[in-house]
Amino acid sequence: MSKALSRNTVSVAGVLMHLLPAVFLFTLFAAVGILHVTSRVLVVDMGYRLSNAEGESRSLTRENDRLKLELATLKAPGRLERVAREQLGMAMPRGGAVVSVGDDRVKDSRTAQARSSAPAVRVAERGAQR
């Protein structure tokens, strides 16, 4: 009877050896499925980030255009003159007062020496001759 029992008896190691390929395949398919789902989630998340970044870029571009327009408006000569007159109390010079600022270009050494002894700013009145 011991031979009959050994024939009918199945060992645990034998069962595990038969189930091992099936368990391995199941584990492999589960891992591939998890990787696929994870990659899709990452792609969708990156799409949302890209959409938000594009919206922010459009918003910043509009803000930049608005600021350029504001800068051009603030630098307009007419506006600057009005601000100088109204807010700063400035006015155009009376008569022929002229302010002459020295030229940076030096033609020869004699001119450079003459300029070094003369003041850089000269105010001339109308009718004054040199």
Side-chain angles (χ1 to χ4, degrees):
M1 188 148 157
S2 85
K3 281 189 170 192
L5 279 177
S6 65
R7 278 185 179 171
N8 292 336
T9 310
V10 178
S11 69
V12 175
V15 171
L16 288 179
M17 290 306 283
H18 286 291
L19 290 178
L20 186 62
V23 169
F24 179 73
L25 280 175
F26 176 76
T27 305
L28 181 67
F29 284 137
V32 168
I34 290 171
L35 286 175
H36 177 72
V37 169
T38 302
S39 69
R40 296 305 303 163
V41 167
L42 291 175
V43 166
V44 169
D45 182 54
M46 191 57 65
Y48 283 128
R49 286 186 195 180
L50 180 61
S51 176
N52 288 338
E54 285 175 346
E56 185 177 349
S57 173
R58 281 190 301 273
S59 173
L60 290 173
T61 300
R62 280 192 303 268
E63 178 72 11
N64 189 26
D65 291 342
R66 186 189 65 75
L67 290 173
K68 283 180 182 178
L69 179 62
E70 184 178 345
L71 178 65
T73 303
L74 292 174
K75 287 173 105 178
R79 183 196 170 277
L80 291 176
E81 185 177 346
R82 184 175 26 91
V83 167
R85 286 180 193 268
E86 295 172 2
Q87 294 178 3
L88 301 176
M90 300 173 90
M92 293 299 286
R94 301 194 196 298
V98 176
V99 176
S100 175
V101 179
D103 191 6
D104 289 331
R105 291 181 244 148
V106 178
K107 294 183 180 171
D108 61 8
S109 62
R110 285 181 285 158
T111 308
Q113 290 172 354
R115 285 195 178 162
S116 65
S117 63
V121 177
R122 182 187 73 194
V123 178
E125 292 291 329
R126 181 182 281 182
Q129 294 183 7
R130 281 203 164 245

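Just so it is clear, the structure is predicted and the values come from calculations on it, not from any experiment.
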Provide the closest heavy-atom pair for R79 versus T73 in the form atom of the first, atom of the second, distance.
-> CD-O, 3.4 Å
Under 3.5 Å: donor-acceptor pair, side chain of S51, backbone of G47 = no
Donor-acceptor contact present, side-chain S57 to main-chain A53, <3.5 Å | no
Could you please spell out the steps behind the side-chain contact (heavy atoms from CB on, under 4.5 Å) verdict for L42 and M46?
-> CA-CA 6 Å; L42 291 175; M46 191 57 65; over 6 Å; no
Among all residues two or more places apart in sequence or in another chain, which pass the salt bridge (Lys or Arg N to Asp or Glu O under 4.0 Å) test with R40?
-> none
Quick one: pull up CG in L69 and CG in L74 and give me the separation to the nearest 0.5 Å.
-> 9.5 Å
Just wondering, are more than 12 heavy atoms of other shown residues or ligands nearer than 6.0 Å to CD in E63?
-> yes
Determine all donor-acceptor pairs shorter than 3.5 Å in which one atom belongs to a side chain in residues 81-91; sequence neighbours excluded.
unit_1: E81; atom_1: OE2; unit_2: R85; atom_2: NE; d: 3.3
unit_1: E81; atom_1: OE2; unit_2: R85; atom_2: NH2; d: 2.9

What are the two closest heavy atoms between I34 and T38, and how far apart are they?
-> O-OG1, 2.7 Å
